[in-house]
J.: 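Handing you this structure, nothing more for now.
Naming: A, B, ... by sequence-line order, numbering from 1 per chain.
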Protein chains: 2
Amino acid sequence: MLRLSKRVEYGLIALRHFAAIQEGTVCTAKEISQKYNVPHELLAKVLQKLAQARIIQSYQGVRGGYVLVHHPSSIKISHVINAIEHEKPMLAECYADGPESCIIFDDCTIRRPLGKIQKNINHFFHSMSIAEIV
Amino acid sequence: MLRLSKRVEYGLIALRHFAAIQEGTVCTAKEISQKYNVPHELLAKVLQKLAQARIIQSYQGVRGGYVLVHHPSSIKISHVINAIEHEKPMLAECYADGPESCIIFDDCTIRRPLGKIQKNINHFFHSMSIAEIV
DNA sequence: GAAAATAGGATAAGAACAGTCGTATTTTCA
DNA sequence: TGAAAATACGACTGTTCTTATCCTATTTTC
Ligand code: SF4
Ligand code: SF4
């Protein structure tokens, strides 16, 4: 319960890696997967997602790989999660999928109070950047 | 991702119900399940967990049910979660199940930084009581 | 043209979760 | 004293989510 997905963890590890090495260095998925002992195929997909979100830049072909294009301090954890997961990290089903997703929506008395906690978590994810986890 | 379980949601709804009605009133699982349109059997289990944790008092037999025994302001959300879920709400697997649970533990670079967010969430759950969601 | 890398779809195995069922026990009350 | 109503508890099922792997195509370098 309340777990972060491995995909997000792997994404954060990879981005922290980029932030820690010399700026502009190209890294391959293989390099990172070996260094941190994470599954190569899964990490590759995560990096592809991050590339789609323009958080990193991809280069195909031999000698290809990925490069960080923004300064680590401008990459918030919320950006990373949004890029990797199709759904935002929501405490309640209805927050993510709307009123129709929960059959007790109309009778629910805790939706609004839980919103406070949700807001707090959102704020934390949005205020913390990759630069702060190096 | 990052979802609260339905069990916890149902538990919070039930406790908010107790906090909203007159102090000392006995309620049955059936009453609450009907009022909030929640699955009866599942709610019953949740109430049993809350009773085991002494958050509510149970009475068996006809005219039995549950009563709130503490003041709503002294029942923190963290207590409720701990009573219902066997595991505390942890962002990372290793926080809950120890170093052996994650194969990349030794190579993990994000464990400590994520701890800040974990701490923040813990604090929020511990500072918010049932009285505040009525 | 071979090799190394990203891109992306498909699939399978596993775990977690929600919900249901069945039965025992306790207590009230007619 | 027996039926009824409620908690207590374990087992089971079906679904969804998550993780991991596999396979193929494409791009680019050398
Ligand atoms: S309506 Fe209430 S119970 Fe349903 S998902 Fe939203 S917060 Fe949870
Ligand atoms: S060691 Fe790192 S990757 Fe593994 S569970 Fe803990 S935080 Fe997540």
J.: Atom CG of A/Leu43 to atom P of C/dG8: distance rounded to whole Å?
T.: 16 Å

J.: If you assign B/Val62 and B/Leu4 each to the DNA chain C nucleotide with the nearest heavy atom, which residue ends up on the more 5' nucleotide?
T.: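 First, find each residue's nearest nucleotide; the 5'-ward one identifies B/Leu4.
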
J.: Could you state the atom-to-atom distance from CG of A/Leu42 to C1' of C/dG8 in whole Å?
T.: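 To the nearest whole Å, that distance equals 14 Å.
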
J.: Are A/Ser58 and C/dA7 close enough that a side-chain N or O sits under 4.0 Å from OP1 or OP2?
T.: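 The answer is yes; a side-chain N or O of A/Ser58 sits under 4.0 Å from OP1 or OP2.
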
J.: Heavy atoms only, 4.0 Å cut-off, all strands: where does B/Ala44 land among base, sugar-phosphate and nothing?
T.: nothing

J.: With a 3.5 Å cut-off and heavy atoms only, can you find an N or O donor on one side and an acceptor on the other between the side chain of A/Lys49 and the base of C/dG8?
T.: no

J.: Rounded to whole angstroms, how far apart are CD on A/Gln48 and P on C/dG8?
T.: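 Atom-to-atom, A/Gln48 to C/dG8, this comes out as 6 Å.
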
J.: Pairing donors with acceptors under 3.5 angstrom, does anything connect the side chains of A/Glu85 and A/Ser5?
T.: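 Judged by distance alone, the side chains do pair up.
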
J.: From CD of B/Gln57 over to C1' of C/dT26, roughly how many Å is that when rounded to an integer?
T.: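 Atom CD in B/Gln57 sits about 14 Å away from atom C1' in C/dT26.
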
J.: Between B/Tyr66 and A/Glu85, which residue's closest nucleotide on DNA chain D lies nearer the 5′ terminus?
T.: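 By nearest-heavy-atom nucleotide position, the 5'-most residue is B/Tyr66.
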
J.: Answer yes or no: side-chain N or O of A/Lys45 and base N or O of C/dG9 forming a donor-acceptor pair under 3.5 Å.
T.: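 Counting by modelled atom types and ignoring angles, a donor-acceptor contact under 3.5 Å is found here.
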
J.: Let me know, please, whether B/Ile103 or B/Gly64 comes out on the 5' side of the other along DNA chain D by nearest nucleotide.
T.: B/Gly64

J.: Which of these nucleotides, D/dT19, D/dT7, C/dT6, is closest to any side-chain atom of B/Ala29?
T.: D/dT7

J.: Starting from P on D/dA6, measure out to NZ on B/Lys30 and report it in whole angstrom.
T.: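 Going from NZ in B/Lys30 over to P in D/dA6 covers 6 Å.
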
J.: Looking at SG of A/Cys94 and CZ of A/Arg111, how far apart are the two atoms once the value is rounded to the nearest 0.5 Å?
T.: 5.5 Å

J.: Any idea which of D/dC30, C/dG19, D/dT21 is nearest the A/Pro39 side chain?
T.: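 Taking heavy atoms from C-beta onward, the closest nucleotide is D/dT21.
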
J.: B/Tyr10 side chain N/O closer than 4.0 Å to the phosphate oxygens (OP1, OP2) of C/dC17?
T.: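 Result: no.
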
J.: Rounded to the nearest Å, what distance is computed from the CD atom of residue B/Gln60 to the C1' atom of nucleotide C/dT28?
T.: 13 Å

J.: Would you classify A/Gln52 as touching base, sugar-phosphate or nothing, given that sugar-phosphate means primed atoms plus P, OP1 and OP2, and contacts are heavy atoms under 4.0 Å?
T.: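 It contacts sugar-phosphate atoms only.
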
J.: Looking at D/dA11, which nucleotide sits across from it as a Watson-Crick or G-U wobble partner, both distances under 3.5 angstrom, or is there none?
T.: C/dT20

J.: How many whole angstroms separate atom CZ of A/Arg7 from atom P of C/dG8?
T.: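 Interatomic distance, CZ of A/Arg7 to P of C/dG8: 13 Å.
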
J.: Just how far, in rounded Å, is C1' of D/dG14 from NZ of B/Lys6?
T.: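 Between C1' of D/dG14 and NZ of B/Lys6: 17 Å.
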
J.: I want to confirm an ordering. Mapping A/Glu41 and B/Ser5 to their closest nucleotides on DNA chain C, which one lands closer to the 5' end?
T.: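 Closest to the 5' end, via its nearest nucleotide, is A/Glu41.
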
J.: Can you confirm whether more than 12 heavy atoms, excluding those of B/Lys6, are under 6.0 Å from its NZ atom?
T.: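 Count over threshold, so yes.
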
J.: Show the numbers, then the answer: is there a side chain to side chain donor-acceptor pair (under 3.5 Å) between A/Ser33 and A/His40?
T.: CA-CA 5 Å; A/Ser33 73; A/His40 171 251; 5.1 Å; no

J.: What heavy-atom pair brings B/Lys88 and B/Asn82 nearest, and what distance separates the two atoms?
T.: CG-OD1, 3.3 Å

J.: Would you call A/Glu132 and A/Arg16 a salt bridge, taking side-chain N to carboxylate O under 4.0 Å as the test?
T.: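 Looking at A/Glu132 and A/Arg16, the cut-off is not met.
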
J.: Taking the side chain of B/Met1 as heavy atoms from C-beta outward, which of D/dT29, C/dA18, D/dT18 is closest to it?
T.: D/dT18

